[in-house]
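Order of appearance sets the numbers: ligands from 1, and atoms from 1 within every ligand. Atoms considered below: every heavy atom in the structure, side chains included; atoms not considered: hydrogens, waters and symmetry mates.
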Amino acid sequence: MQTLPAVRQLWRDVILFDGYRQWSEPMAVLAEQGIVAGLWPEHEFVSSMAQGAHEAGRGGVMTPGLVDCHTHLIYAGDRAGEFEQRLEGVSYEEIARAGGGILSTVRATRNASEEDLIKSSLPRLDALLADGVTTVEIKSGYGLTVADELKMLRVARRLGQLRPVRITTTLLGAHALPPEYAKDSDGYVDLVCREMIPLAARQQLADAVDVFCEGIGFSPAQCERIFQAAIQEGLAIKIHAEQLSNLGGSALAARYGALSADHVEYLDEAGVQAMAEAGTVAVLLPGAFHVLRETTLPPIDALRRHGVPMAVATDANPGTSPICMPTLMLNMACTLFRLTPREALAGMTRHAAQAIGHPELGHIVPGAPADLCIWDINQPAELAYAIQAGRLRQRVFGGVVQNVR
Ligand SMILES: N=CN[C@@H](CCC(=O)O)C(=O)O
Ligand SMILES: [Zn+2]
């Protein structure tokens, strides 16, 4: 059931994690016309502070709406067969080099219409929403032709019209080398730079441009050309880097002012330092680490020491992270990467918002959009501690309250 935004909505007696910290005493929170308008310790609150407000709820834990800052939510087909191959010992890289992996999803996605893709992606989007997400970044990258990449981006924009969620879109034309360019990777990079990026920008289909910098992806020199083309069109940049090896992609992206470098298991100290200097967010993807049974951990201590903001995301995709449960990622960020529950939660709220270039989201402060979650739990750390669906009581998107249970 969805409630129209009353002019003033009030929550009483909530345990508040505001994106930065957990408040030590229960709080009252007021939203007005879709914006957070006030926060008070419950014992200081008097009703004249929120005259005429509708009491939208009482008790529970309130967090910012979750921000899933790295997904490949739109695709056709599945890769369960590859999962079985990997269990038998074939690596992700070997499958990719044999024409499977990303390219197998490319074949299925090229054959799908926009309607097909909407139909197959909506249940995944709904799963994210049911687990507290109010903002999702969605990448293209399974089309690898101008037409198919733009098709994916159009679908991403349409998903944002079909559900109460903010969607940011990222052109990932340089995700893999399509078979038509098997012997001409520079030629494909030309296509990305000269056609895909300008068209996606001019049609306002992309908010950012991403690249996969890896032996089975694109070289740092090729990534650099793509960054230059993106910046030329006024688009933000991001990178998949240091996932399977260290090519220095994160440091390169940081030098170009990237919003984020994602995966970063093989990131070295110099890369961490470059990211710290540029304010580039490290997006940690524990789902892909888990599914690929990786053993090299991202350099969490170095990231902490240098003050690099760490975000956490689902990386929802059919190959390395077929996961649409953001709270499970909070758990895995803690159990696999040793983040504290508070770091993990900041990683899926405030730092995730920074990773998509929306610092106004992901925190609960006066003036911020009222994207909120109210959970039926006793303390915020439970979101990372227990692996359990169905704890969301209310999801508030731009001040509109959706009673989930
Ligand atoms: N590493 C590259 N891209 C995705 C995987 C995509 C796929 O395997 O389909 C990732 O973030 O893990
Ligand atoms: Zn990815």
Side-chain angles (χ1 to χ4, degrees), residues 68-83 85-86 90-110 112 117 120-121 124 136-144 148-149 152 156 168-178 208-218 223 237-247 249-250 253 258-267 281-294 296 298 311-324 326 329 332 352 355-356:
D68 194 352
C69 68
H70 181 138
T71 84
H72 308 251
L73 207 67
I74 298 169
Y75 59 83
D78 71 82
R79 308 238 292 274
E82 286 178 15
F83 174 64
Q85 274 183 279
R86 285 202 307 275
V90 189
S91 75
Y92 180 68
E93 233 166 319
E94 286 165 339
I95 293 170
R97 291 194 192 281
I102 294 170
L103 290 185
S104 115
T105 302
V106 168
R107 287 188 285 276
T109 305
R110 283 181 179 179
L117 291 173
S120 60
S121 308
R124 294 190 279 268
V136 194
E137 183 258 16
I138 300 181
K139 301 175 195 297
S140 63
Y142 293 124
L144 311 187
D148 289 303
E149 286 294 301
M152 289 191 70
T168 67
T169 56
T170 302
L171 173 68
L172 179 54
H175 195 192
L177 192 60
V209 170
D210 197 344
V211 293
F212 184 24
C213 183
E214 194 56 71
I216 53 169
F218 296 85
C223 294
I237 58 167
K238 299 167 83 66
I239 189 166
H240 283 64
E242 275 70 77
Q243 180 186 12
L244 308 170
S245 62
N246 180 6
L247 298 184
S250 304
L259 288 174
S260 71
D262 303 33
H263 288 289
V264 300
E265 280 88 343
Y266 286 82
L267 183 65
V281 177
V283 178
L284 306 175
L285 304 169
F289 178 91
H290 165 73
V291 169
L292 294 183
R293 293 187 298 149
E294 291 290 337
T296 301
V312 176
T314 62
D315 192 13
N317 79 69
T320 65
S321 191
I323 301 173
C324 295
M329 299 300 96
M332 286 189 180
I356 52 167

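- In the vicinity of H70, heavy-atom distances shorter than 4.0 Å reach the ligand 1 atoms 11 (O).
- Smallest separation of non-hydrogen atoms from I239 and G249: CD1-O, 3.4 Å.
- When all heavy atoms of L144 and A176 are compared, the pair lying nearest together is CD1-O, 3.3 Å.
- The protein heavy-atom contact nearest to atom 12 (O) of ligand 1 is T320 OG1, 2.7 Å.
- Of all atoms in ligand 1, numbered sequentially from 1 with element shown, those under 4.0 Å from a heavy atom of R79 are 7 (C), 8 (O), 9 (O).
- Among protein heavy atoms, atom 4 (C) of ligand 1 sits closest to H72 NE2, 3.6 Å.
- The closest approach of H72 to the Zn ion (ligand 2), by N/O/S atoms, is made by NE2.
- The residue among H175, H263, E214 with a heavy atom at the shortest distance from atom 3 (N) of ligand 1 is H175.
- Partner of P298 under the side chain to side chain contact (heavy atoms under 4.5 Å, CB included) criterion, chosen from L267, L284, L285: L284.
- Residue-ligand proximity: Y75 is placed with every non-hydrogen atom at 4.0 Å or more from ligand 1.
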Give every donor-acceptor pair under 3.5 Å between a side-chain atom in residues 313-324 and any protein atom, sequence neighbours left out.
residue	atom	partner	partner atom	Å
T314	OG1	D68	OD1	3.4
T314	OG1	D68	OD2	2.6
T314	OG1	A316	N	3.1
D315	OD1	H70	NE2	3.0
D315	OD1	H72	NE2	3.2
D315	OD1	N317	ND2	3.4
N317	OD1	G319	N	2.6
N317	OD1	T320	N	2.7
N317	ND2	D315	O	2.8
N317	ND2	T320	OG1	2.8
S321	OG	T314	O	2.8

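- Less than 4.0 angstrom separates some heavy atom of I102 from each of these atoms of ligand 1: 6 (C), 7 (C), 8 (O), 9 (O).
- When all heavy atoms of R79 and T105 are compared, the pair lying nearest together is NH1-OG1, 2.7 Å.
- Taking SG from C213 and CD from Q243, the interatomic distance works out to 11.5 Å, rounded to the nearest 0.5 Å.
- Rounding to the nearest 0.5 angstrom, the gap separating the SG atom in C223 from the CG atom in L247 is 8.5 Å.
- For ligand 1, the polar-atom distance check against T105 finds no nitrogen or oxygen pair separated by under 3.5 Å.
- Between K238 and E137 the shortest side-chain heavy-atom distance falls below 4.5 Å.
- When hydrogens are left out, the protein atom nearest atom 8 (O) of ligand 1 is Y92 OH, 2.5 Å; that is the closest non-hydrogen contact.
- Those atoms of ligand 1 with a heavy atom of D315 less than 4.0 angstrom away are 10 (C), 11 (O), 12 (O).
- When only non-hydrogen protein atoms are considered, atom 1 (N) of ligand 1 lies nearest to Q243 OE1, 2.8 Å.
- Listed by chain and number, the residues in a ring pair (Phe, Tyr, Trp, His ring centres under 6.0 Å) with Y92 amount to none (sequence neighbours excluded).
- In terms of protein heavy-atom proximity, atom 9 (O) of ligand 1 is nearest to Y142 OH, 2.6 Å.
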